*Asks:* 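First the structure, then my questions, so here it is.
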Amino acid sequence: MRKKLIAANWKMYKTPPDAHAYIAAFLPLVRDHQRDDIVLCPTFVCIPTVVEALRDSRIGAGGQDVSWEKEGPYTGEVSAHMLRSVGCSHVIIGHSERRQLFGETDDAVNRKLKMSLKAGLQPIVCVGEVLEEREAGLTEDVLRRQCGIAFRDISGLEAAPLIVAYEPVWAIGTGKTATPEMAADAHSVIRAEAARAFGDQVAETLRILYGGSVKPENAAALMSQPEIDGALVGGASLDPHSFARIVKY
Ligand code: PGA
């Protein structure tokens, strides 16, 4: 039985004081919650505040992006080792906003994934099709390509901490969600790709999250699917009460 992970992606919202106030409100709401793992992914500048505020809790902190390089003259980049050094346990890689707005390629995702695993982070690799691809019947091909390239040259042993998030791009921030059946189909394609790359055992324990307009109102229906191992939540994670309701679906 895979333990579910509910992750908040705050995107480019909240200052450190906002983050502090959020956690002060959020912690009492989830204090006794043991059923699921919880991770908050704020902007880089909020990470120290978030890590400090979560110190006595079981909740993890993660970055929203990472460099594929270890260190060097790469203005604006932050390394996996640096994320670890400020207390991050997780990192989001290949979010569709990075792919679509900032030109991130499948190859970049692969390089970032390898570096993050090497640094001891638990990477959350995002994959998913855009609307035109779904309408053209290409969802499976897109997922196969994104996973195939992301997982390249990584051994089963190295891949053990990996988490994947299936985020259909047409469902992100739109209020539309994939039906539980669509998500279950996509998740089995991803699991098959993981089995091919890493072997059956790693694929069996791989957690595959769903993301895209997860809300308190639809969380229970999505999370009751055995193929869905958690959620990556954007908009509805920005309010501590709303996110707590999702965590306690
Ligand atoms: P959303 O975003 O929940 O606002 O749709 C999800 C995501 O981008 O990870």
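Whatever order the structure lists ligands and atoms in, that order sets their numbers, starting from 1. From a predicted model like this one, the values you see are computed outputs, not experimental measurements.
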*Asks:* One thing to verify: whether Asp106 and Arg152 come together as a salt bridge, which I'm taking to mean a side-chain N less than 4.0 angstrom from a carboxylate O.
*Replies:*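 No salt bridge links Arg152 with Asp106.
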*Asks:* Decide whether an N or O pair under 3.5 Å exists between Gly234 and ligand 1.
*Replies:*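 Between Gly234 and ligand 1 (N or O atoms, distance only) the closest approach is under 3.5 Å.
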*Asks:* Does Arg35 make a cation-pi contact with Tyr249, if we ask for NZ or CZ under 6.0 Å from the ring centre and within 45° of the axis?
*Replies:*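 Yes - Arg35 lies over the ring of Tyr249, closer than 6.0 Å to its centre and within 45° of its axis.
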*Asks:* Thr174 to ligand 1: N or O pair under 3.5 Å?
*Replies:*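 Between Thr174 and ligand 1 (N or O atoms, distance only) the closest approach is not under 3.5 Å.
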*Asks:* Would Glu129 and Trp170 count as having a side-chain donor-acceptor pair, cut-off 3.5 Å?
*Replies:* yes
*Asks:* Within ligand 1, which atoms have a heavy atom of Gly212 less than 4.0 Å away?
*Replies:* 5 (O)
*Asks:* Can you tell me which residue among Lys3, Arg207, Arg191, Lys4 is in a salt bridge (Lys or Arg N to Asp or Glu O under 4.0 Å) with Asp229?
*Replies:* Arg191
*Asks:* Has Ser67 got a side-chain atom pairing as donor or acceptor with Ser79's backbone, closer than 3.5 angstrom?
*Replies:* no
*Asks:* Can you report which non-hydrogen protein atom sits closest to atom 9 (O) of ligand 1, along with the distance?
*Replies:* Glu167 OE2, 2.7 Å
*Asks:* Check each atom of ligand 1 against the heavy atoms of Lys11 and keep those under 4.0 Å away; list them by number with element.
*Replies:* 2 (O), 7 (C), 8 (O)
*Asks:* Do any heavy atoms of Gly211 fall under 4.0 Å from ligand 1?
*Replies:* no
*Asks:* So do Pro161 and Leu117 actually touch side chain to side chain, heavy atoms under 4.5 Å?
*Replies:* yes
*Asks:* Hey, does His95 sit under 4.0 Å from ligand 1 if you only count heavy atoms?
*Replies:*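 It does; at least one heavy atom falls under 4.0 Å.
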*Asks:* Taking both backbone and side-chain atoms of Gly173, is any N or O found less than 3.5 Å from an N or O belonging to ligand 1?
*Replies:*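 Yes, Gly173 has an N/O under 3.5 Å of an N/O on ligand 1.
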*Asks:* Classify the contact between Asn9 and ligand 1 as side chain, backbone, both or neither, using a heavy-atom distance cut-off of under 4.0 Å.
*Replies:*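 It is the side chain that touches ligand 1; the backbone stays farther off.
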*Asks:* To check your reading of the model: name the closest protein heavy atom to atom 4 (O) of ligand 1, its residue, and the distance in Å.
*Replies:*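 Minimum-distance protein heavy atom for atom 4 (O) of ligand 1 reads Gly235 N, 2.8 Å.
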*Asks:* How does Ala171 reach ligand 1, if at all, at less than 4.0 Å between non-hydrogen atoms: by side chain, backbone, both, or neither?
*Replies:* backbone
*Asks:* What is the minimum heavy-atom distance between Ser116 and Ala80, and which atoms define it?
*Replies:* CA-CB, 4.0 Å
*Asks:* Determine whether Val142 and Phe151 fall in the same hydrophobic cluster, where Ile, Leu, Val, Met, Phe, Trp and Tyr are linked whenever their side-chain heavy atoms lie under 4.5 Å apart.
*Replies:*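 Different hydrophobic clusters.
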